[in-house]
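A single structure is presented below for examination.
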Amino acid sequence: MSQDLSEQEIIRRQKCEELRNMGIDPYPAALFEINVFARDIRENYERDKTSYKNISIAGRIMSVRDMGKACFAVLQDSTGRIQLYIRRDDICPDEDKSLYDIVFKKLMDLGDIIGVKGYVFTTKTGEISIHVTNLSLLSKALRPLPVVTTDSEGVSHNDVTDPEFIYRQRYVNLIINPEVRERFRKRTQIVQSLRETFNSKGYLEVETPILQPIPGGAAARPFTTHHNALDVPLYLRIANELYLKRLIVGGYDGVYEFAKDFRNEGMDRTHNPEFTVMEIYVAYKDYNWMMDFTEEMLEKVALDLHGDTKVQVGEKTIDFQRPFKRITMYDAIQEHTGIDISAMDENQLRDTCAKLGIHADKSMGKGKLIDEIFGEKCEGNYIQPTFITDYPLEMSPLCKKHRSKEGLVERFELMVNGKELCNAYSELNDPVDQRNRFEEQVKLMERGDKEAMYIDTDFLRALEYGMPPTSGMGIGIDRLAMIMTNVPSIQDVLFFPQMRPEA
RNA sequence: GACUUCGUAGCUCAGCUGGUAGAGCAGCUGACUCUUAAUCAGCGGGUCGAGUGUUCGAGCCACUCCGAGGUCACCA
């Protein structure tokens, strides 16, 4: 239980005790009535001064400039920062000056949460401020906050830059970096924008199991767990695709889910073990329709967030204005390698990989080899939103065969900034074909492919009752948020990215 | 998993060819009733990520471990 406390932490604990001795609860239970926010004052005071004569506001003390018998302090609430002017004779009009001299000046610290009442005015130097007439402590901070200051040139000093600090103690990062609070607000706006698109078309937001007996719908290594009462193994879902399609069988025209998925694989700048995917399935549609829908959806996200279809991502400007470029996978490969692979068999593909210097091992089938070529030679080139269409059948076991092109399926992926953002199919609804495809997966698994899919017989049973022609699409919400907020790491769009436990 | 960089006060950082740690901000004491990186005077604060070794002597050199970032590989 023993804790090594720093000098500053010990002092703050002592201050807490002194407050209690004075009859002041450092953590009072009663609510504090708020009637205004910092942003409201800053934006509206100048043109409506009469409305700010009797305000009540609460927040965290971020800095104090002590002038003796008066102080300037900066208060931060959820909307921003506002300066306080605290004069001793105003908060202590009587003989007893202890509220100012002792409680405020001695016992309060940066980071404490306080409530103040007063009126708004503009200082001689032109800063909109709150002249405080009443001040109370709402919560005492026992740890010192990193003090980030910004000088007259707008350069910030002592900013916390250690990524470990930022990710492990996100709460501190959020307190001292308003732009980070804003980034996560944008992430929520993205989700809201998508929801608006789906709801406006009448599609139904649903929830499907996270604990699944068969981890289906994608090729990935799952987390495993165990249910004690049932005494069965369960898996954390790697996708929700097969459950959403069951709901289409059940008669809904459109269903979607924002799903946390889990994959027990490596971590890097674009992969976290748990991540968010939105999947949507719409009956009586095909993948061509879904491309149009995806364009509409993403253009709206960009407009809702930035008021513009153009989004700055690192050095690049990405334009989400409809329509996006569309190119088949074979054409993409021809464009970037000069090689036409459309008629090649597995051996010819293997030779082509060797010629291009692409690693190809024996477990790879024809589809996997084509995917390797695309991934190595093409993918990174598609910065502007581009639909890559018509994938090889072997690597798309849940996707319908192409209506006219032999050996291909009706699938597209949307590439943005050189990476996959969306993945969509004309969904396979032929139960016999689906059973065959699952059996192909079993063969791949026997050949050594660790990510081959499991057979889900209940899903096949559902298809046997009949699923309308359906198109489905999945989009990585974390990656979308990375693009839309212009950050390079998935950790920057997750409040609490996965970390090794602290020692 | 491989390679690589990093870990020093609450925060940001310095610390020479190895000689037992320093600054700014924050903190503490004091001055100042319109300041804004407020200012001025003074004072305290460290298991140098952990451990082992080399050395008369290690923040610094070597090795092991822990944590983080980056690159690559693997994977969607």
Side-chain angles (χ1 to χ4, degrees), chain A residues 4-12 14-15 62-74 81-92 97 100 105-106 109-111 121-129 131 141-169 172-173 175-176 217-222 238-239 261-273 275 277 359 361 363 368 371-372 375 379 395 413 419-421 423 449-451 453 474 476 478-479 488-489 491 497 499-503:
Chain A
D4 287 334
L5 296 178
S6 69
E7 184 191 36
Q8 296 197 45
E9 290 171 304
I10 292 165
I11 288 168
R12 287 185 181 221
Q14 288 167 350
K15 287 175 175 180
M62 299 306 288
S63 72
V64 175
R65 290 181 291 278
D66 181 356
M67 312 292 301
K69 293 183 181 62
C71 282
F72 290 94
V74 174
R81 297 179 180 188
I82 185 92
Q83 179 170 268
L84 306 179
Y85 179 53
I86 303 162
R87 201 158 66 174
R88 185 173 76 164
D89 296 338
D90 290 325
I91 66 167
C92 303
K97 304 296 186 190
Y100 181 85
K105 279 185 66 164
K106 297 278 185 213
D109 290 294
L110 302 189
F121 75 114
T122 306
T123 64
K124 279 180 189 167
T125 50
E127 178 96 8
I128 295 171
S129 308
H131 196 126
L142 294 183
R143 283 178 187 264
L145 213 53
V147 177
V148 181
T149 53
T150 308
D151 64 24
S152 44
E153 273 106 53
V155 182
S156 84
H157 299 261
N158 298 331
D159 205 353
V160 179
T161 51
D162 177 10
E164 187 166 2
F165 193 119
I166 288 169
Y167 301 140
R168 283 197 201 280
Q169 300 188 54
V172 176
N173 183 222
I175 292 168
I176 65 183
R221 285 158 63 189
I238 56 174
D261 289 346
F262 306 84
R263 297 187 185 176
N264 204 343
E265 293 165 355
M267 294 167 58
D268 60 32
R269 250 200 342 282
T270 55
H271 296 80
N272 195 68
F275 57 102
V277 173
H359 167 81
D361 68 51
S363 74
K368 187 80 185 155
D371 188 45
E372 284 294 314
E379 192 174 67
M395 52 185 294
E413 289 191 1
K419 294 191 189 74
E420 174 199 339
L421 181 63
N423 183 21
D449 187 341
K450 278 176 228 148
E451 279 80 31
M453 286 184 193
D478 309 293
R479 290 184 187 179
S489 169
Q491 296 174 109
M499 286 269 158
R500 277 206 158 79
E502 282 180 90

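First the proteins, then the strands, lettered A, B, ... as listed; each starts at 1. What's counted below: heavy atoms across the whole structure, side chains too, no hydrogens, waters or symmetry copies.
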> Rounded to whole angstroms, how far apart are CD1 on A:Ile10 and P on B:G45?
Replying inline: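 Whole-Å distance recorded here is 12 Å.
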
> Say you draw a straight line from CZ of A:Arg269 to CD of A:Gln491; how long is it, rounded to the nearest 0.5 Å?
Replying inline: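 Atom-to-atom, A:Arg269:CZ and A:Gln491:CD are 10.5 Å apart.
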
>> Between B:G53 and B:G59, how far apart are the two P atoms, rounded to whole Å?
In response: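 About 15 Å, rounded to a whole number of Å.
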
> Whole Å only: how far is the NZ atom of A:Lys15 from the P atom of B:G27?
Replying inline: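 Nearest whole value for this atom pair: 7 Å.
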
>> Without decimals, in angstroms, what is the distance between A:Gln14 CD and B:C28 P?
In response: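 Taking CD of A:Gln14 and P of B:C28, I get 11 Å after rounding.
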
> Roughly, in whole Å, what's the span from CZ in A:Arg88 to C1' in B:C34?
Replying inline: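 Distance, rounded to whole Å: 17 Å.
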
>> Categorize A:Gln491 for me: base, sugar-phosphate, or nothing, with a 4.0 angstrom heavy-atom threshold over every strand shown.
In response: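 Sugar-phosphate, no base atom in range.
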
> Does the pair A:Glu379 and A:Lys419 meet the rule for a side-chain contact (heavy atoms from CB on, under 4.5 Å), with working shown?
Replying inline: CA-CA 6 Å; A:Glu379 192 174 67; A:Lys419 294 191 189 74; 5.6 Å; no

>> Without decimals, in angstroms, what is the distance between A:Leu5 CG and B:G46 P?
In response: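 After rounding, the gap between these two atoms is 13 Å.
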
> Could you write out RNA chain B as a dot-bracket string, with dots for unpaired bases, | for bases paired across to another strand, and Watson-Crick or G-U pairs counted at under 3.5 Å?
Replying inline: (((((((..((((.....[..)))).(((((.......))))).....(((((..]....))))))))))))....

>> Checking A:Asp478 now: which residues fulfil salt bridge (Lys or Arg N to Asp or Glu O under 4.0 Å) with it, not counting sequence neighbours?
In response: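 Applying salt bridge (Lys or Arg N to Asp or Glu O under 4.0 Å) to A:Asp478 gives A:Arg187.
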
> Side chains of A:Ile176 and A:Val160: does their closest heavy-atom pair fall under 4.5 Å?
Replying inline: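 Side-chain contact under 4.5 Å: yes.
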
>> Can you confirm whether A:Glu265 sits close enough to A:His271 that some side-chain heavy atom of one is under 4.5 Å from a side-chain heavy atom of the other?
In response: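 The answer is no; the side chains never approach within 4.5 Å.
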
> With a non-hydrogen cut-off below 4.0 angstrom, is A:Arg87 in contact with a base, only sugar-phosphate, or nothing?
Replying inline: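 Contact class for A:Arg87: base.
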
> Of the nucleotides B:G67, B:C34, B:G69, which has the atom closest to the A:Arg500 side chain?
Replying inline: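 So the side chain of A:Arg500 is nearest to B:G67.
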
> Given the C1' atoms of B:C34 and B:G69, what is the spacing between them in whole Å?
Replying inline: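 To the nearest whole Å, 45 Å.
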
> With A:Lys97, which residues qualify under salt bridge (Lys or Arg N to Asp or Glu O under 4.0 Å), at least two apart?
Replying inline: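 Testing A:Lys97 for salt bridge (Lys or Arg N to Asp or Glu O under 4.0 Å), a comparison that skips the adjacent residues, returns A:Asp89.
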
> Reading nucleotides 4-15 of chain B from the 5' end, what letters show protein touch, with B for base, S for backbone sugar-phosphate only, - for no heavy atom under 4.0 Å?
Replying inline: ------BBSS--

>> So, does A:Arg168 get its side chain near the phosphate of B:A68, meaning an N or O under 4.0 Å from OP1 or OP2?
In response: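 Yes, because at least one side-chain N or O of A:Arg168 sits under 4.0 Å from OP1 or OP2 of B:A68.
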
> Partners of A:Arg479 by salt bridge (Lys or Arg N to Asp or Glu O under 4.0 Å), sequence neighbours excluded?
Replying inline: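 With sequence neighbours excluded, A:Arg479 shows a salt bridge (Lys or Arg N to Asp or Glu O under 4.0 Å) to no residue whatsoever.
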
> Are A:Arg65 and B:A38 close enough that a side-chain N or O sits under 4.0 Å from OP1 or OP2?
Replying inline: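 Yes, within the criterion.
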
> Can you check the A:Asp109 CG to B:C25 C1' distance for me, whole Å?
Replying inline: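 To the nearest whole Å, that distance equals 15 Å.
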
>> Does any part of the side chain of A:Pro222, heavy atoms only, come nearer than 4.5 Å to the side chain of A:Phe262, both counted from C-beta?
In response: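 No. Closest side-chain heavy atoms not under 4.5 Å.
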
> Quick one: A:Ile11 CD1 to B:U29 C1', roughly how many Å, whole number?
Replying inline: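 Value for this atom pair: 11 Å.
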
> Side chain of A:Tyr100, backbone of A:Ala70: donor and acceptor closer than 3.5 Å?
Replying inline: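 Looks like yes, one N/O pair under 3.5 Å.
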
> How far, in whole Å, is B:C3 from B:U20 if one measures between their C1' atoms?
Replying inline: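 Approximately 35 Å lies between the C1' atom of B:U20 and that of B:C3.
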
> For RNA chain B, whose closest nucleotide is more 5', that of A:Gly68 or that of A:Glu164?
Replying inline: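 Its nearest nucleotide lies further toward 5', so the answer is A:Gly68.
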
> For A:Asp151, what residues pass the side-chain hydrogen bond (donor to acceptor under 3.5 Å, both in side chains) criterion, not counting sequence neighbours?
Replying inline: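 Listed in chain order: A:His157.
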
> What integer number of Å spans the C1' atoms of B:A73 and B:G15?
Replying inline: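 So the two C1' atoms sit 38 Å from each other.
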
> CG of A:Leu110 to CE of A:Met62: how many Å apart, nearest 0.5 Å?
Replying inline: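 The distance works out to 8.0 Å.
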
>> Can you check the distance between B:C40 and B:U35, where both ends of the measurement are the P atom (answer in whole Å)?
In response: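 16 Å, rounded to whole Å.
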
>> A:Arg221: which residues meet the side-chain hydrogen bond (donor to acceptor under 3.5 Å, both in side chains) condition with it, sequence neighbours left out?
In response: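 For A:Arg221, no residue satisfies side-chain hydrogen bond (donor to acceptor under 3.5 Å, both in side chains) once neighbours in sequence are set aside.
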
> side-chain hydrogen bond (donor to acceptor under 3.5 Å, both in side chains) with A:Glu164: which residues, sequence neighbours excluded?
Replying inline: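 If we apply the side-chain hydrogen bond (donor to acceptor under 3.5 Å, both in side chains) test to A:Glu164, skipping adjacent residues, the hits are A:Arg168.
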
>> Test of understanding: with salt bridge (Lys or Arg N to Asp or Glu O under 4.0 Å), list the residues that count as partners of A:Lys105, not counting sequence neighbours.
In response: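 Partners of A:Lys105 by the salt bridge (Lys or Arg N to Asp or Glu O under 4.0 Å) criterion, ordered by chain and then number, come out as A:Asp66.
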
> Which listed nucleotide (B:G67, B:G70, B:U35) is nearest to the side chain of A:Arg269?
Replying inline: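 Ranking B:G67, B:G70, B:U35 by closest atom to the A:Arg269 side chain puts B:G70 first.
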
> Rounding to the closest angstrom, what is the interatomic distance between B:U5 and B:G45 at atom P?
Replying inline: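 Roughly 36 Å separates the two P atoms.
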
> In whole Å, what is the span from the CG atom of A:Leu142 to the C1' atom of B:G27?
Replying inline: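 Atom CG in A:Leu142 sits about 15 Å away from atom C1' in B:G27.
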
> Considering only the C1' atoms, how many Å lie between B:U54 and B:G18, rounded to the nearest integer?
Replying inline: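 The same atom, C1', in both gives a distance of 12 Å.
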
Protein and nucleotides 39-43 of chain B: nitrogen or oxygen contacts under 3.5 angstrom:
none

Between the protein and nucleotides 73-76 of chain B, which nitrogen or oxygen pairs come in under 3.5 angstrom?
{"residue": "B:C75", "atom": "O3'", "partner": "A:Glu451", "partner atom": "OE1", "Å": "3.3"}
{"residue": "B:C75", "atom": "O2'", "partner": "A:Glu265", "partner atom": "OE1", "Å": "2.8"}
{"residue": "B:C75", "atom": "O2'", "partner": "A:Glu265", "partner atom": "OE2", "Å": "2.9"}
{"residue": "B:A76", "atom": "OP2", "partner": "A:Lys368", "partner atom": "NZ", "Å": "3.1"}
{"residue": "B:A76", "atom": "O2'", "partner": "A:Arg263", "partner atom": "NH1", "Å": "2.0"}

>> Suppose you measure atom C1' in B:A50 against the same atom in B:G7; what distance do you get, rounded to whole Å?
In response: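 Taking atom C1' in both B:A50 and B:G7, they lie 11 Å apart.
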
> Counting side-chain heavy atoms from CB outward, which of B:C28, B:G69, B:U35 is closest to A:Glu127?
Replying inline: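 Taking heavy atoms from C-beta onward, the closest nucleotide is B:U35.
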
> With A:Lys15, which residues qualify under side-chain hydrogen bond (donor to acceptor under 3.5 Å, both in side chains), at least two apart?
Replying inline: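 For A:Lys15 the side-chain hydrogen bond (donor to acceptor under 3.5 Å, both in side chains) partners, ignoring immediate neighbours, are A:Asp109.
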
>> Is the ring pair A:Tyr85/A:His131 parallel, tilted or perpendicular, if the boundaries are 30 and 60 degrees?
In response: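 Perpendicular, since the angle between the ring planes exceeds 60°.
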
>> When you measure from the side-chain N and O atoms of A:Lys106 to the phosphate of B:C28, is any distance below 4.0 Å, counting only OP1 and OP2?
In response: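 Indeed not, no polar side-chain atom of A:Lys106 lies that close.
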
